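In what follows, a single structure is set out as structure tokens and then discussed.
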Number of protein chains: 2
Amino acid sequence: MVDKGLYDVNLNFLYLRPMLSKKTKYGLKALTYLASQKDKAPVQISEIAKCENISQKFLESILLSLRKSGFLGSKKGKGGGYYLIKDPNEVLMTDVMRVLEGPISMVPCVSLNFYEKCADCRDEATCSVNKLMLKVRDANLEVYRNNTLADLII
Amino acid sequence: MVDKGLYDVNLNFLYLRPMLSKKTKYGLKALTYLASQKDKAPVQISEIAKCENISQKFLESILLSLRKSGFLGSKKGKGGGYYLIKDPNEVLMTDVMRVLEGPISMVPCVSLNFYEKCADCRDEATCSVNKLMLKVRDANLEVYRNNTLADLII
DNA sequence: TATTATCCTATCAATTTAATAGAGTAAACA
DNA sequence: TGTTTACTCTATTAAATTGATAGGATAATA
């Protein structure tokens with residue numbers, strides 16, 4: 001059953017605000033593409049870009065950052081490309097999301113890895129936003145911790 | 001136990017990207033402030049702004065949108081202000097978040113209320129992003145459905 | 001040595017956010 | 001009736017971010 005919104009208004013966006021960045025979206029697709037390969041042979045950026053409908057130049061920078069953060073290996077020259085370093089079963093979504101999208105928490109004051117006090121908040125202990133976002137963080141963490149790259153295939 | 005990030009990099013942000021907008025943050029604080037009042041007498045924007053450390057002009061526009069979406073009532077002139085229309089127990093976070101922050105889903109292709117096909121996706125059924133974001137949506141929905149404004153107080 | 005494909009830096013337009021300014025409107029009250 | 005109060009509305013703004021593109025440097029292969 002659909003939980004229909006009670007109020008109209010908010011005509012100002014019709015999904016003008018996709019909260020997941022294209023960077024993350026493309027990164028996830030690329031990782032999945034590599035995880036779906038039969039062997040571990042390097043795959044060229046151009047192949048991934050074409051098959052997944054991604055701007056090649058943009059994808060270049062994303063794969064580069066995935067390599068620098070330890071998810072991918074690369075090989076230059078002919079026959080080169082990118083390949084997964086670990087088994088898809090061992091690639092946790094928590095780690096992938098933190099590298100691609102950034103902190104999992106929606107506010108710094110509930111972040112495990114990137115904690116910061118909110119500059120404008122008087123008291124964290126009685127802050128309603130803190131209270132709600134803590135629950136949201138835990139719910140998201142639960143999902144990301146229980147999903148690996150292997151779970152995204154097919 | 002803290003789930004420490006395995007990889008460094010991503011030096012480029014130290015929470016430069018708080019995913020929760022200030023609009024939502026301020027809106028939640030204002031709603032909580034009103035819900036904490038003893039009686040249902042109107043509270044002035046200026047009082048909320050001062051007590052919650054919020055830019056008054058910005059708060060004006062937020063409260064206005066909360067009124068237009070049916071959460072608040074208002075009264076002009078002396079002794080005027082904003083007041084909650086419903087009992088805090090009946091104000092679901094799903095509804096509040098949709099008005100303040102927008103769709104709960106991180107991608108349009110998994111949105112209940114704002115569904116849209118992703119322009120760049122070939123096949124939703126086999127899309128890894130769709131698969132993951134569906135789980136994330138459900139987890140978030142679970143939190144927002146099980147929390148009312150009353151749950152945010154103290 | 002020529003070719004291939006990753007690596008790196010720089011730039012760009014478009015969008016969004018958060019904040020501010022200022023005038024308009026309606027209610028209360030003396 | 002007229003003044004004060006406080007919400008209502010429109011417009012503008014700076015700053016930041018996103019997504020995309022260009023061009024050349026580097027390294028590996030044949």
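What you are looking at is a predicted structure, and each value in this text was computed from that prediction instead of being measured. Below, chain A is the first sequence line, B the second, and so on; all start at residue 1.
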Q: For D:dT21, take OP1 and OP2 only and decide whether either is under 4.0 Å from a side-chain N or O of A:S55.
A: yes
Whole-Å distance, A:M19 CE to C:dT17 C1', equals 13 Å
Original post:
So, A:K22 side chain and A:I54 main chain: donor-acceptor pair closer than 3.5 Å or not?
Top reply: no
Between CD1 of B:I62 and P of D:dC7 the distance, given in whole Å, is 14 Å
In whole angstroms, the gap separating C1' of D:dT17 from NZ of A:K22 amounts to 15 Å
Give me the distances for all protein-to-nucleotides 24-29 of chain C N/O pairs that come in under 3.5 Å?
unit_1	atom_1	unit_2	atom_2	d
C:dA26	O4'	B:K76	NZ	3.2

TODO: Please report the C-alpha distance between B:S111 and B:E116 in whole Å, then the side-chain angles of each, then the deciding distance to 0.1 Å, and finally whether the side chain to side chain donor-acceptor pair (under 3.5 Å) criterion is met.
DONE: CA-CA 8 Å; B:S111 178; B:E116 264 178 56; over 6 Å; no
Residues in residues 42-49 of chain A with a heavy atom under 4.0 Å of DNA chain D, by number, are none
Separation of D:dA6 atom P from B:L63 atom CG, nearest Å, is 15 Å
Using a cut-off of less than 4.0 Å, is there contact between a side-chain N or O of A:K68 and OP1 or OP2 of C:dC8?
yes
SG of A:C118 to CG of A:N130, rounded to nearest 0.5 Å, is 7.5 Å
Taken to the nearest 0.5 Å, the spacing of B:I62 CD1 from B:I48 CD1 works out to 10.5 Å
note: B:R67, atom CZ; D:dC7, atom C1'; distance rounded to Å ~ 9 Å
Are any side-chain N or O atoms of B:T24 and backbone N or O atoms of B:L20, one a donor and one an acceptor, separated by less than 3.5 Å?
no
Using a cut-off of strictly less than 4.0 Å, decide whether A:Y26 has a side-chain nitrogen or oxygen near OP1 or OP2 of D:dA20. yes
If we only count heavy atoms from C-beta on, is the A:C127 to A:R122 side-chain gap below 4.5 Å?
-> no
>> Can you tell me if A:K40 has over 12 outside heavy atoms packed within less than 6.0 Å of its NZ?
In response: yes
Here the distance between atom P of C:dA21 and atom CD of B:E60, to the nearest Å, is 12 Å
Please table the atom pairs, donor to acceptor, closer than 3.5 Å between any side-chain atom in residues 133-140 of chain A and protein atoms at least two apart or in another chain.
unit_1	atom_1	unit_2	atom_2	d
A:K135	NZ	B:N147	OD1	2.6
A:R137	NH1	A:V110	O	2.8
A:N140	OD1	B:N140	ND2	3.3
A:N140	ND2	A:V136	O	3.1
A:N140	ND2	B:N140	OD1	3.3

Taking C:dC8, D:dC9, D:dG23 as options, the one with an atom nearest any side-chain atom of A:K57 is D:dG23
Show, in sequence, the C-alpha distance, side-chain angles and deciding distance for B:K25 and A:D120, and conclude whether the salt bridge (Lys or Arg N to Asp or Glu O under 4.0 Å) test is met.
CA-CA 11 Å; B:K25 189 178 189 182; A:D120 58 309; 3.0 Å; yes
Separation of D:dC7 atom P from B:Y83 atom OH, nearest Å, is 12 Å
Closest to the side chain of B:F58, out of C:dA19, C:dC8, D:dA20, is C:dA19
